[in-house]
Amino acid sequence: MYENNFNNTLILAGQPRGTASSFLSRDITLLNEQTLNYSVNIGENHFLQALVGNTLQRNTFQRTTLAGQQFPGNDLPTIASSATQTGSSARSQAGLVSFFGKATYSFKERYTADVSLRADASSRFGANNRWGYFPAVGLGWRLGEESFIKDLNVFEELKLRASAGRTGNQAGISDFASLGLVQGGANYLDLPGTTPLQLANPNLSWESTEQWNVGLDAAVLQNRLIVELNYYDKYTSGLLLNVPVPRKIGFSSVVENFGAVSNKGVELQVTANWLPKSAVQWSTSFNIARNVNKVEKLAAPITAGSRDIFRLEEGQSLYSFWLYKQTRVNPESGDAEYEDVNGDGTITVADRQLVGTAWPDFFGGLTNSVNYKGFDLGFTLNFERGAKIMNMNRFFLVHGGTQSNIGYLANQLDRWQQPGDQTDIPRLTTNAASNNYGGVVQNLSDRYLEDGSFLRLRTLSLGYNVPKEVVAKSRLNSLRLYVQAANLFTITPYSGLDPEVNSQGGVANTKNFDWATVPQPRTFQVGLTVGL
Amino acid sequence: MKHTLYRLLFATQVAAISFSLASCNDLLEPQPVQQLPADQAITDAGSARAATIGAYDRVQSYYQLNWPVLGFLPGESVRFNGTLNQFLQIDQNQLSADNVLITEAWTQMYQAVNVANNLLAAVPDVNDPLLPAAEKNQLLGEAHFLRALAYFDLGRGWGGVPLILTPTRTKENG
């Protein structure tokens with residue numbers, strides 16, 4: 001990938017005389033896979049399929065970065081024209097060796113059983129614990145094929161599914177996370193120096209998830225209604241986390257398999273084919289899901305993200321916001337008041353508490369499509385309910401103080417102004433202890449935590465497939481005209497620009513944090529698809 | 001003909017698998033090119049000098065911001081005018097236990113101690129004709145001095161502090 005950027009002097013990033021950067025990165029994956037397949041029908045009723053195989057994978061990553069500052073003018077945007085030039089590079093490599101086997105047996109197409117086992121070794125883990133073993137079994141029973149169900153004449157399809165197994169994860173850590181390393185770049189007076197980068201952890205191993213699930217598929221009313229129901233229970237242990245260590249040893253954290261998290265949830269999908277026998281084909285699909293997340297084991301709480309806004313604690317869920325709880329704005333003085341959790345009479349860091357999570361209570365979508373004589377009309381709606389968003393835009397722009405180069409949101413007008421005012425926005429003051437520029441950290445309160453529920457029209461499209469006979473005359477295979485719109489409307493109580501937001505995408509264990517994020521665009525598209 | 005083809009395919013598979021087993025170790029133990037294993041960082045004259053420069057860098061890292069901030073900002077000659085609470089807390093002498101400037105300064109000082117401990121443990125064993133005894137002693141002297149300086153500042157800031165005199169390799173031996 002090759003990328004060139006130039007920030008001209010008309011924007012803030014280009015001050016004072018223009019800045020530019022150029023990246024050249026190469027991400028290569030070499031994959032060698034060999035599999036042996038075997039399948040056989042034994043008699044009429046038994047069917048057996050088996051597969052064994054192995055893969056070898058090598059990922060190499062390389063990037064060269066160049067940056068230039070101080071340009072002679074906005075018409076000379078290449079780095080060669082700049083007065084100050086700097087460069088850097090990054091390289092990394094990882095390997096993955098896997099062996100796997102899978103067998104499927106089915107009897108009369110009614111009962112099926114799957115068994116699988118895989119063994120994976122990743123170069124990211126410590127020499128002592130590189131291999132992980134991941135077995136799984138699955139059972140299926142097509143009840144609908146049994147005569148006692150067939151006789152009911154209700155179900156076109158009825159199937160029960162169940163599976164249990166273990167899976168592994170190696171994402172979220174660097175390629176050399178298990179090694180004790182020393183790196184360059186610790187320079188002094190333009191002389192090159194080296195310094196320790198990270199601690200070794202030769203026991204670092206796979207994060208693994210044990211899970212089981214049960215499901216039901218059913219089709220009734222001549223396939224007019226299709227229902228899929230699923231329940232899962234996952235237990236993830238040995239999470240790959242940066243665990244704090246006593247800083248007297250010269251390091252602040254080490255990557256370890258630490259703690260456990262559980263996820264339990266239900267998923268339901270209902271599809272309706274309204275007019276199965278008519279020329280108009282109309283189907284609607286609705287899905288809804290709920291996930292309950294809980295940190296099951298964590299020896300010590302870990303904070304994450306800017307200003308420690310997120311905190312992982314045993315017994316709570318991931319993505320919990322760790323803030324001060326504002327009880328009211330005193331109607332007499334106009335100052336905000338906060339809950340004194342430990343009751344010691346002062347507000348200190350000990351009074352921060354978990355005040356909500358970024359997990360929705362439930363979420364889902366609705367898809368609708370209508371087809372008639374080559375015309376098709378469709379839309380997709382998405383919804384989410386109950387997730388909280390930390391709106392840092394309000395923290396900075398409803399700050400209640402005075403500060404050069406930082407303005408206000410209109411919301412600031414609702415502040416306390418005279419004794420007796422009932423509001424949650426404190427008075428405007430230069431007293432640092434009472435506005436967001438104060439040295440008291442409790443200003444980071446749940447006042448900025450908002451409900452991020454939403455209903456969004458994801459896409460709306462109308463298309464027309466030109467009939468085959470017409471298309472054939474012009475020696476084409478197919479021709480489709482369409483208009484499409486994305487993100488047409490969003491209904492949400494959230495006061496920010498977009499309820500689907502995360503400004504800290506690169507920071508582990510954070511979610512729904514909004515700070516100066518560009519919202520998703522509303523797009524309109526007119527298209528022509530030609531099949532030759 | 002058909003059988004020969006199958007056999008050929010099978011032989012290729014077997015060959016591929018055995019090849020893959022042979023190359024496993026190579027694949028699973030890639031060497032970082034941008035970093036060095038911690039125990040191979042000081043082996044000759046050049047790396048001993050670079051590690052010494054690294055000790056100066058760690059001392060400069062707390063001297064350039066956190067140490068002067070902790071020393072001067074609580075006084076009346078400097079005032080902070082920004083949004084970051086950690087500085088304002090120090091300006092107004094309202095410190096909280098999670099103030100990152102304090103934890104950062106503490107960490108950087110012990111990083112300097114650890115770099116010096118690495119030097120003091122490894123430099124005596126370096127056998128390189130390009131590192132004469134006089135320079136070796138000078139590097140060891142600088143490491144002793146920088147570690148003493150870091151402990152002097154730790155003592156000035158906190159009073160009694162943990163004394164670490166050996167290099168840290170894993171969490172356990174710290």
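Bear in mind the structure is a predicted one, so any value in this text is a computation, not a measurement. Throughout, protein chains are lettered first and strands after them, A, B, ... in sequence-line order, and every chain is numbered starting at 1.
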Name the region of [X], side chain, backbone, both or neither, that has any atom closer than 4.5 Å to a heavy atom of chain A.
{"X": "B/Gln40", "answer": "neither"}
{"X": "B/Asn118", "answer": "side chain"}
{"X": "B/Pro32", "answer": "both"}
{"X": "B/Val33", "answer": "side chain"}

What part of [X] is in contact with chain B, defined as an atom under 4.5 angstrom from a non-hydrogen atom: side chain, backbone, both or neither?
{"X": "A/Ala90", "result": "both"}
{"X": "A/Ser122", "result": "backbone"}
{"X": "A/Glu256", "result": "side chain"}
{"X": "A/Leu179", "result": "side chain"}
{"X": "A/Leu96", "result": "backbone"}
{"X": "A/Asn201", "result": "neither"}
{"X": "A/Arg130", "result": "side chain"}
{"X": "A/Leu197", "result": "side chain"}

Geometric cation-pi criterion A/Arg247 and B/Trp106, 6.0 Å radius, 45° cone |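 Not flagged: A/Arg247 not positioned over aromatic ring of B/Trp106.
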What is the ring orientation for A/Phe395 with A/Tyr448, classed by angle as parallel under 30°, tilted 30 to 60°, or perpendicular over 60°?
-> perpendicular
Mutual orientation of the aromatic rings belonging to B/Trp67 and B/Tyr63 [parallel < 30°, tilted 30-60°, perpendicular > 60°] | tilted
Does one side chain, of [X] or [Y], offer a donor that lies under 3.5 Å from an acceptor on the other?
{"X": "B/Asn117", "Y": "B/Thr166", "result": "no"}
{"X": "A/Ser205", "Y": "A/Asn257", "result": "no"}
{"X": "B/Glu142", "Y": "B/Tyr56", "result": "yes"}
{"X": "A/Asn32", "Y": "A/Gln34", "result": "yes"}

Residue selection (most heavy-atom pairs with chain B, distance under 4.5 Å) from A/Gly184, A/Ala200, A/Pro202 |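 Highest number of pairs under 4.5 Å: A/Ala200.
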Of the listed A/Asn187, A/Leu189, A/Thr195, the one with the largest count of heavy-atom pairs under 4.5 Å with chain B is A/Asn187
Run the side-chain contact (heavy atoms from CB on, under 4.5 Å) check on A/Phe310 and A/Trp322 step by step: do they pass?
-> CA-CA 5 Å; A/Phe310 295 87; A/Trp322 190 50; over 6 Å; no
Counting only N and O atoms by type, is there a donor-acceptor contact under 3.5 Å from the side chain of A/Ser503 to the main-chain atoms of A/Trp515?
-> yes
Find the one option among B/Gln31, B/Gln34, B/Gln111 whose heavy-atom pairs under 4.5 Å with chain A are most numerous.
->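 Most heavy-atom pairs under 4.5 Å with chain A: B/Gln34.
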When B/Asp39, B/Thr52, B/Asn114 are compared by non-hydrogen pairs under 4.5 Å with chain A, the top option | B/Asn114
Within-4.5 Å side-chain heavy-atom neighbours: B/Ile164 and B/Tyr110 | yes
